[in-house]
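Remarks on the structure that follows.
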Amino acid sequence: MLEISFNKVSKNYGEKVVLKNINIECKTNDHIALIGSNGCGKSTILKLIAKIENPSSGDVFIRKEASIGLLTQQPNPDWYPYTVKEIIQDSFPEINQLKEKLKKEEEKLGKLTGEELEKEVIKYSNLQEKMIEIGGYEVETKIDKIVAAFKAESLLERKYELLSGGEKTIVNLIIILLREPDILLLDEPNNHLDIDMIEWLESFLRNLKKTIIVVSHDRYFLDQVATKTILIDRGEAEIFHGNYSYYLEENERRITSEFNAYKTQQKQIEAMKKSIKKLREFGKLAYPCGENFFRRAASIEKRLEKIEVLEKPQESKTIPLKFQMNQRSGKDVIVADQYSLSIGEKELLKNTKFSIQYQERVCLMGKNGCGKSTLMKDIMRRESSIKVGSNVKIGYIPQDIRFEDETKTILEEARQYFIGTEEILRSALTKFLFYSEGIFVRLKDLSGGERLRLKLFCLMQQDNNVLLLDEPTNHIDINTKEVLEEALLKYSGTILMISHDRYFINKVATRILYFENQKLVNYIGNYNDLKATRARQKRN
């Protein structure tokens, strides 16, 4: 059954064209990944489906009576005065009304006899059947299951307005999953979730018999959930009938095919132009008997005019990322002995040992709040039980990127690290997508993605042989993630990173240190190796 249809839909914001004449069809139970670079129009498509915005032209069709649930990263101000428990309970108005009716009927039944009692019993039975039909008796179990999956029990008695941004997003997601709308629109649903939560969400969505459209930069998540992928590129939509990995293979094949077709046609056009030129030259040499050469030249020229010239396939803009390292460190880069870590009264690590050797690419993993970022900060502070090896030069990107002077411009900040003329610096910043007047934007006004791009630019100018990266793939699109992955794989220094991006971990990490039972447990390999090892341990 057709749930959603876009027919030649365009969307403009002033003079900026975001979508142009796109055609999309979504059927019942389709699980769709919506991908594309930041600002390409993915969130706009979700808003058009949810009828928050209207198309500039074309038609958006939604199946009649289909219910829609939209998850955004924005808090719901209507919920501010209420506790999370009250919000959850109010999410089932039909069930709540039936509960009230059943309660009143129960009170009546105790006071009636004879025929009146029989009538009320029938009425009561009908209400019960209705309650069973809409899942009213199962809702408490469903609530407990989903709340537990997101470890949100401690949030239930708290007011929504007092929650952090991440906690609000988790509550928003819980409410939408509990309501189970016919069409589920999820904009970055795995933001602020730890890996255990993400894996539960993947399993839940994979088995959900609903139409799902998800926007996410988590490629592993998209592989697990999506059965169809829609790429939004330069305002147009292209459909791939598979998950993200399928899209990668098919898109590479398509681009290669298009580029080969373009090159073949260009050779053909060039050959035809040369033939026209030679025939005309022959016609002039054969004068006055060269008319036949001119006719053949004119015939080829007509054929040339009728050719529909293929556009040269455009390559996506990527930042030229390469980390410098002129001097290597010693073999032992970071060594900790009898290291303990506490946050407040909560003891997270107790007398644990760990070490990181030259050229290792190690990922710190564990549940949210386990102390990963604090451990990385302790390394930067040279905490007493952590020894940093000889000739170690560290480049650090924190999760929350802040600059020493936020009133400076992008150009002023970059100037501190760059050796060369301002003209060359401006050209270099352009390659990091900071164009013309954009280089005079104040640091305090930068988005998360812009902050990371600038930090990466500054880091590139330094001679670091160790990189400490705390959630480096936050706030960046998939193309930039892939550039960062390739740069880290080519980097000849040592990397210690924190990430929830399993695709990124699989690509980059050679070892994992996992926060577990107040210790750092060592796993050789990447995320898939970690999963396989833990599965074997569980079986044994």
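- Among residue pairs with one or both ends in residues 492-525, none qualify as ring pair (Phe, Tyr, Trp, His ring centres under 6.0 Å); sequence neighbours excluded.
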Please report, to 0.1 Å, the donor-acceptor pairs under 3.5 Å made by any side chain of residues 417-424, with sequence neighbours excluded.
{"residue": "Thr421", "atom": "OG1", "partner": "Ile424", "partner atom": "N", "Å": "3.2"}
{"residue": "Glu422", "atom": "OE2", "partner": "Arg426", "partner atom": "NE", "Å": "3.2"}
{"residue": "Glu422", "atom": "OE2", "partner": "Arg426", "partner atom": "NH2", "Å": "3.3"}

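- By the side-chain contact (heavy atoms from CB on, under 4.5 Å) test, Ala509 pairs with Cys363, Met497, Ile505, sequence neighbours left out.
- Screening residues 199-219 for ring pair (Phe, Tyr, Trp, His ring centres under 6.0 Å) gives Phe150-Trp200, Trp200-Phe204 as the qualifying pairs, with residues at least two apart or on separate chains.
- Considering only residues two or more places apart in sequence or on other chains, Arg253 meets the side chain to side chain donor-acceptor pair (under 3.5 Å) condition with Glu250.
- Identified under the salt bridge (charged side-chain N to carboxylate O under 4.0 Å, His left out) test for residues 530-540, with sequence neighbours left out: Glu516-Arg534.
- Scored by the side chain to side chain donor-acceptor pair (under 3.5 Å) test, Glu406 finds Arg451 as partners (sequence neighbours excluded).
- Evaluation of the side chain to side chain donor-acceptor pair (under 3.5 Å) rule for Tyr220 yields Asn528 as partners, not counting sequence neighbours.
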Name the atoms and distances for all side-chain donor-acceptor pairs under 3.5 Å in residues 336-344, with sequence neighbours left out.
{"residue": "Tyr339", "atom": "OH", "partner": "Asp378", "partner atom": "OD2", "Å": "2.6"}
{"residue": "Ser340", "atom": "OG", "partner": "Asn351", "partner atom": "N", "Å": "3.0"}
{"residue": "Ser340", "atom": "OG", "partner": "Asn351", "partner atom": "OD1", "Å": "3.4"}

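- Checked against side chain to side chain donor-acceptor pair (under 3.5 Å), Arg179 has no partners two or more places apart in sequence or in another chain.
- Evaluation of the ring pair (Phe, Tyr, Trp, His ring centres under 6.0 Å) test over residues 233-254, restricted to residues two or more places apart or in two chains, returns Phe240-Tyr247, Tyr244-Tyr247.
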Using residues 385-394 as the side-chain source, report each donor-acceptor pair under 3.5 Å to any protein atom, sequence neighbours left out, with the distance given to one decimal.
{"residue": "Ser385", "atom": "OG", "partner": "Glu383", "partner atom": "OE1", "Å": "2.7"}
{"residue": "Lys387", "atom": "NZ", "partner": "Ser384", "partner atom": "O", "Å": "2.9"}
{"residue": "Asn391", "atom": "ND2", "partner": "Arg328", "partner atom": "O", "Å": "2.7"}

